[in-house]
2 protein chains.
Amino acid sequence: MQIGIVGLGLIGGSLGLEFVRQGHQVWGVSRQPQTCQQAEARHVVHKASTDLFSLAIPTLDIVFVCTPIGLTLPTIEQLSQILLPSVVITDVASVKGAIVPLASQLWPLFVGGHPMAGTEQQGIQAAQMDLFQNRAYVLTPLPTTPPSAVDCLAGLISHLGSRLVVCDPFSHDAAVAQISHLPVMLSACLLSSAQGMPEERRKLAQQLASSGFRDTSRVGGGNPELGLAMAQYNQPALLAALRDYQTHLQYLTTCLEQGEWGSLSDLLTSAQQSRPDWIDPHKGKES
Amino acid sequence: MQIGIVGLGLIGGSLGLEFVRQGHQVWGVSRQPQTCQQAEARHVVHKASTDLFSLAIPTLDIVFVCTPIGLTLPTIEQLSQILLPSVVITDVASVKGAIVPLASQLWPLFVGGHPMAGTEQQGIQAAQMDLFQNRAYVLTPLPTTPPSAVDCLAGLISHLGSRLVVCDPFSHDAAVAQISHLPVMLSACLLSSAQGMPEERRKLAQQLASSGFRDTSRVGGGNPELGLAMAQYNQPALLAALRDYQTHLQYLTTCLEQGEWGSLSDLLTSAQQSRPDWIDPHKGKES
């Protein structure tokens with residue numbers, strides 16, 4: 001197939017590496033000339049350009065928009081001026097409700113996508129083969145999305161080794177708010193409350209912090225721009241998840257305050273018992 | 001030295017392995033005959049018994065009480081009937097304020113201790129060499145604790161490769177509440193709120209849960225008895241940490257609700273910037 005990729009960071013670059021390996025013809029676009037050079041040198045794409053008009057290729061089949069979230073819609077709007085109407089457009093943004101309906105208005109053959117792949121490292125340097133292996137790759141078509149466009153994308157994804165998950169944009173956002181965006185906010189608040197300790201006590205706590213603190217604070221210590229974008233673009237779903245979480249935390253706090261050890265024990269036991277349902281499906285599949 | 005260890009689980013067993021390796025004479029006590037057999041077979045101790053009176057050895061120098069927290073004080077009380085007054089007693093409980101003053105009344109040569117070593121696996125099967133390597137080992141003497149007892153224990157600890165940290169029991173409990181017990185409670189509530197999602201949405205979320213959810217939920221999915229003991233024995237400090245955390249979480253929620261993106265960005269940026277102070281001291285030193 002003839003594939004365009006706009007934005008050659010971790011996700012766009014990793015998609016390019018896979019598509020080139022699989023024998024597709026891949027054109028890349030990046031705002032940075034240096035990124036274009038690196039992309040060609042590393043065989044992430046066959047040809048890279050800083051000019052979006054380089055994708056005005058009559059034989060192009062599909063374009064992946066892999067820019068930061070805030071540039072997804074503006075990029076699709078620009079592409080709509082350039083591409084033949086037969087081209088499928090998809091994106092990789094981690095929120096879908098704020099993007100898919102508008103993008104579908106701009107471009108009927110738009111299919112929202114979200115590969116659930118790691119984002120701790122950034123940039124084309126971080127691009128790697130097999131990033132999508134055994135990860136969920138979510139597609140969020142609307143009832144109006146042509147099935148042929150979904151099939152085109154689903155076919156490509158199946159060759160990435162991803163687990164294809166199809167749902168509507170708003171269910172996606174609620175699920176992702178709970179399992180990805182909420183943990184980031186909880187984890188950031190853990191760091192912020194720890195940092196707010198009186199100095200002497202904080203220094204002692206820093207000496208004692210170990211693997212439990214390290215793991216629980218990992219996603220909260222990540223890229224703040226990404227965290228902010230989650231909040232801005234997934235505001236209602238994240239707010240609902242935060243409020244629900246606060247209810248659970250208040251319940252636990254009340255148990256502790258009133259010494260209701262049986263209830264607290266039940267909560268901790270349920271937590272332990274439920275965790276495999278959230279973790280086991282991926283066991284051994286992630287680094 | 002002549003060393004007694006009461007409780008041959010992960011911590012007691014790992015201490016035994018180290019002390020035997022270092023050429024000390026080690027006696028173990030466990031309630032389970034099977035554990036005693038395994039302890040001798042694995043050279044965790046030289047001799048193991050189910051009878052605490054087996055530690056009535058005239059030449060004994062020090063006893064490590066490595067039972068579950070709830071048995072720490074009863075064990076010290078029993079030991080006080082048996083040991084010569086020259087023997088140092090120490091414990092490994094993860095809370096100190098609820099134990100050290102009472103234990104010191106029972107036994108003047110008591111020195112509170114807390115090796116900050118992993119607790120995900122349990123039992124003598126999990127005992128291992130080098131568990132304490134580069135980990136903090138906290139001692140919490142009182143002003144009345146004889147320096148000779150602290151020195152005796154500190155000498156042994158230095159040969160474990162641990163980082164010795166000395167502080168008072170209540171500073172220890174406040175620090176540990178923040179960096180260990182609070183993360184467990186936050187993490188358990190994350191699982192409990194995720195589990196409370198409507199069924200269809202929960203199943204979707206389970207398909208999408210990835211490394212962020214896995215890491216943030218790890219300590220909350222651990223041994224509920226240990227979590228309950230943290231709550232019971234470190235109640236005031238944990239409650240203070242939980243209330244302080246709730247203030248930070250409410251602030252973040254308000255930022256999100258009111259679209260105060262600048263403030264939210266500041267919070268996330270501070271979190272990212274502060275994390276190395278909590279993690280870097282241990283970098284590369286933990287699995």
Side-chain angles (χ1 to χ4, degrees), chain A residues 116 136 165 167 171 174-175 178-180 183 185-189 191-195 197 201 204-221 224 227-228 231-232 239 242 244-245 248-249 252-253 256-257 261 264-265 267-269 271-272 274-275 277-279 286, chain B residues 116 136 165 167 171 174-175 178-180 183 185-189 191-195 197 201 204-221 224 227-228 231-232 239 242 244-245 248-249 252-253 256-257 261 264-265 267-269 271-272 274-275 277-279 286:
Chain A
M116 306 289 294
V165 177
C167 64
S171 297
Q178 180 70 39
I179 57 97
S180 170
M185 301 303 152
L186 301 181
S187 180
C189 282
L191 282 162
S192 128
S193 72
Q195 202 61 21
M197 295 174 88
R201 190 156 287 176
L204 175 62
Q206 286 172 339
Q207 286 187 281
L208 303 192
S210 185
S211 54
F213 191 87
R214 180 194 61 203
D215 284 1
T216 316
S217 69
R218 183 175 68 81
V219 293
L228 187 64
Q232 289 176 316
L239 205 48
L242 271 165
D244 179 65
Y245 180 85
H248 287 263
L249 189 61
L252 180 145
T253 306
L256 184 69
E257 199 165 38
W261 306 128
L264 181 57
S265 175
L267 189 157
L268 295 170
T269 303
Q272 185 190 41
S274 69
R275 188 166 181 261
D277 293 338
W278 297 86
I279 304 302
E286 293 173 41
Chain B
M116 306 290 295
V165 177
C167 63
S171 296
Q178 180 71 39
I179 58 95
S180 170
M185 301 303 152
L186 301 179
S187 180
C189 283
L191 283 162
S192 132
S193 72
Q195 202 61 21
M197 296 174 88
R201 190 155 287 176
L204 175 63
Q206 285 172 340
Q207 286 186 281
L208 304 190
S210 185
S211 54
F213 191 87
R214 181 194 61 202
D215 284 1
T216 316
S217 68
R218 184 176 68 80
V219 293
L228 187 63
Q232 290 177 315
L239 204 49
L242 272 165
D244 180 65
Y245 181 84
H248 287 262
L249 189 61
L252 180 145
T253 306
L256 184 68
E257 199 166 38
W261 306 128
L264 182 57
S265 175
L267 189 157
L268 295 169
T269 303
Q272 185 191 40
S274 69
R275 188 163 181 262
D277 293 337
W278 296 86
I279 304 301
E286 294 176 40

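The chains referred to below are lettered A, B, ... by the order of the sequence lines, with proteins before strands, and numbering in each begins at 1. Note that this is a predicted model, so its numbers are computed, not measured.
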Exercise. Excluding sequence neighbours, so at least two apart, what forms side chain to side chain donor-acceptor pair (under 3.5 Å) with A/S217?
Worked result: B/R275
[X] and [Y]: which non-hydrogen atoms are nearest, and at how many Å?
{"X": "A/D277", "Y": "B/Q206", "value": "CB-NE2, 3.4 Å"}
{"X": "B/F213", "Y": "A/I179", "value": "CB-O, 3.5 Å"}
{"X": "B/G212", "Y": "A/V219", "value": "CA-CG1, 3.7 Å"}
{"X": "B/M197", "Y": "A/A175", "value": "CE-CA, 4.2 Å"}
{"X": "A/A271", "Y": "B/G220", "value": "CB-O, 3.5 Å"}
{"X": "A/D215", "Y": "B/R218", "value": "OD2-NE, 2.6 Å"}

Problem set entry | Step-by-step side-chain hydrogen bond (donor to acceptor under 3.5 Å, both in side chains) determination, B/H248 to A/S193 | CA-CA 6 Å; B/H248 287 262; A/S193 72; 5.3 Å; no
Seminar exercise, completed: The ring pair (Phe, Tyr, Trp, His ring centres under 6.0 Å) partners of B/Y245 (sequence neighbours excluded) come to none
Among [options], residue most engaged with chain B (heavy-atom pairs, under 4.5 Å):
{"options": "A/A174, A/S187, A/S265, A/A205", "result": "A/A205"}
{"options": "A/A188, A/A194, A/A231", "result": "A/A194"}
{"options": "A/L242, A/T216, A/L256", "result": "A/L256"}

For the [atom1] atom of [X] and the [atom2] atom of [Y], what is their distance to the nearest 0.5 Å?
{"X": "B/Q178", "Y": "A/L204", "atom1": "CD", "atom2": "CG", "answer": "11.5 Å"}
{"X": "A/M185", "Y": "B/L268", "atom1": "CE", "atom2": "CG", "answer": "5.5 Å"}
{"X": "B/L191", "Y": "A/I279", "atom1": "CG", "atom2": "CD1", "answer": "7.5 Å"}

Pick from [options]: which one has the most heavy-atom pairs with chain A under 4.5 Å?
{"options": "B/S192, B/S180, B/S171", "value": "B/S192"}
{"options": "B/D244, B/L267, B/L264, B/T253", "value": "B/T253"}
{"options": "B/G227, B/P183, B/P224", "value": "B/P224"}

For this session: Could you give me the CA-CA distance, side-chain angles and deciding distance for A/L249 and B/L249, then say whether side-chain contact (heavy atoms from CB on, under 4.5 Å) is met?
Result: CA-CA 10 Å; A/L249 189 61; B/L249 189 61; 4.2 Å; yes
For this session: Examine whether an atom of A/L252 lies under 4.5 Å from a heavy atom of chain B, and if so say whether it belongs to the side chain, the backbone or both; otherwise answer neither.
Result: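 A/L252 touches chain B through side-chain heavy atoms alone.
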Exercise. If we only count heavy atoms from C-beta on, is the B/Q195 to A/W278 side-chain gap below 4.5 Å?
Worked result: yes
Exercise. B/Q207 versus A/C167: any side-chain heavy-atom pair under 4.5 Å?
Worked result: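 No, their side chains stay 4.5 Å or more apart.
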